[in-house]
Amino acid sequence: QVQLVESGGGLVQAGGSLRLSCAASGRTFINYAMAWFRQAPGKERDFVAAISWSGSSTSYRDSVKGRFTISRDNAKNPVYLQMNSLKPEDTAVYYCAATIQYGVPRGISSYDYWGQGTQVTVSS
């Protein structure tokens, strides 16, 4: 069974940092582009960041540029999301996703595999 499992979420004060990790089982995702999405209560799931299979290309939503960094280590976990200078509006469930498509897709429909999500709550 192919699984992506997120970890690292939690409660943090505004201005703080968290590092999310995404672990894979059931198959290798070395040749897959990876991404993070998030979904706040009552809102649609939104793109946060993506990284190409090689790690040479990344893409971010405008509101997290300069604060979040996506990276990957194919020898260990597939992907990480370092989140700094967190704001209350970053509060959401964060999902890891994988796609065989080339580049750094931003659309939900581009991704074939999804994790169950990890809660990130930023208090003001």
Side-chain angles (χ1 to χ4, degrees):
Q1 182 180 1
V2 178
Q3 280 190 314
L4 293 173
V5 180
E6 303 92 340
S7 62
L11 174 64
V12 64
Q13 289 188 335
S17 299
L18 285 173
R19 189 192 194 207
L20 305 183
S21 298
C22 176
S25 63
R27 69 164 300 133
T28 177
F29 287 93
I30 291 177
N31 295 324
Y32 281 64
M34 305 294 295
W36 290 93
F37 289 77
R38 68 187 183 187
Q39 187 167 18
K43 296 189 177 181
E44 295 183 348
R45 191 171 298 188
D46 290 328
F47 171 80
V48 176
I51 188 167
S52 61
W53 69 270
S54 66
S56 61
S57 296
T58 58
S59 179
Y60 297 91
R61 68 180 296 112
D62 287 346
S63 62
V64 307
K65 285 180 180 178
R67 300 189 297 123
F68 291 10
T69 303
I70 189 170
S71 62
R72 68 188 300 159
D73 179 354
N74 290 331
K76 299 178 181 178
N77 283 341
V79 65
Y80 304 95
L81 185 68
Q82 178 66 43
M83 304 186 295
N84 298 329
S85 302
L86 282 161
K87 304 176 180 180
E89 52 263 43
D90 294 318
T91 295
V93 177
Y94 283 70
Y95 297 90
C96 174
T99 178
I100 194 64
Q101 291 188 25
Y102 183 77
V104 283
R106 298 166 69 102
I108 291 175
S109 61
S110 297
Y111 289 83
D112 308 299
Y113 299 99
W114 292 85
Q116 294 300 306
T118 185
Q119 177 70 47
V120 171
T121 303
V122 184
S123 63
S124 57

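Quick caveat, the model's predicted, so the values are computed rather than measured.
By the criterion of side-chain heavy atoms lying less than 4.5 angstrom apart, applied directly or through intervening Ile, Leu, Val, Met, Phe, Trp or Tyr residues, Val93 is grouped together with Ile108 in one hydrophobic cluster. A continuous path of ILVMFWY side-chain contacts below 4.5 Å connects Leu18 to Met34, so both sit in one hydrophobic cluster. A continuous path of ILVMFWY side-chain contacts below 4.5 Å connects Val12 to Trp36, so both sit in one hydrophobic cluster.
Sorted by first and then second residue, the pairs that involve residues 4-96 and meet disulfide bond (SG atoms under 2.5 Å apart), not counting sequence neighbours, are Cys22-Cys96. Within the structure, no pair that satisfies the disulfide bond (SG atoms under 2.5 Å apart) test touches residues 25-91, not counting sequence neighbours.
Between Ile51 and Val79 the shortest side-chain heavy-atom distance falls below 4.5 Å. Side-chain contact check for Arg45 versus Trp114: some heavy-atom pair is nearer than 4.5 Å. Using a 4.5 Å cut-off on side-chain heavy atoms (C-beta onward), Val48 and Tyr94 make contact. Looking at Glu6 and Leu20, their side chains never come closer than 4.5 Å, going by heavy atoms from C-beta outward. Using a 4.5 Å heavy-atom cutoff, the side chains of Arg38 and Tyr95 are not in contact. Counting only heavy atoms from C-beta outward, the side chains of Lys87 and Arg67 approach each other to under 4.5 Å.
When the ring pair (Phe, Tyr, Trp, His ring centres under 6.0 Å) test is applied to Phe47, the partners found at least two apart in sequence or on another chain are Phe37.
With rounding to the nearest 0.5 Å, the separation of CE in Met83 from CD1 in Ile70 is 11.5 Å. Between atom OG of residue Ser123 and atom CG of residue Leu11 there is a gap of 5.0 Å, rounded to the nearest 0.5 Å. If you take CG on Asp46 and OG on Ser63, they are separated by 8.5 Å, rounding to the nearest 0.5 Å. Rounding to the nearest 0.5 angstrom, the gap separating the CZ atom in Arg19 from the OG1 atom in Thr69 is 10.5 Å. Atom-to-atom distance recorded for Ser54:OG and Ile30:CD1 is 12.5 Å, nearest 0.5 angstrom.
When all heavy atoms of Arg27 and Tyr113 are compared, the closest pair comes out as NH1-OH, 3.8 Å. For the pair Ala33 and Gly103, the tightest heavy-atom approach, listed with the atom from each and the gap, is CB-O, 3.4 Å. Here the closest heavy-atom approach between residue Ala24 and residue Leu4 is recorded as CB-CD2, 3.9 Å. Residues Tyr111 and Thr99 approach most closely at CE2-CG2, 3.3 Å, considering heavy atoms. When all heavy atoms of Ser124 and Pro88 are compared, the pair lying nearest together is CB-CG, 3.9 Å. Taking every heavy atom of both residues into account, Ser17 and Asn84 meet most closely at OG-OD1, 2.9 Å.
Proximity of a side-chain donor or acceptor of Gln82 to a complementary backbone N or O of Phe68 within less than 3.5 Å is not detected. In terms of modelled atom types and a separation under 3.5 Å, the side chain of Tyr32 and the main chain of Asp112 share no donor-acceptor contact. A side-chain donor-acceptor contact under 3.5 Å links Thr91 to the backbone of Val122.
Note on Lys65 versus Asp62: salt bridge recorded, some NZ/NE/NH1/NH2 to OD/OE distance being below 4.0 Å.
More than 12 heavy atoms of other residues, nucleotides or ligands sit less than 6.0 Å from atom CD of Gln39.
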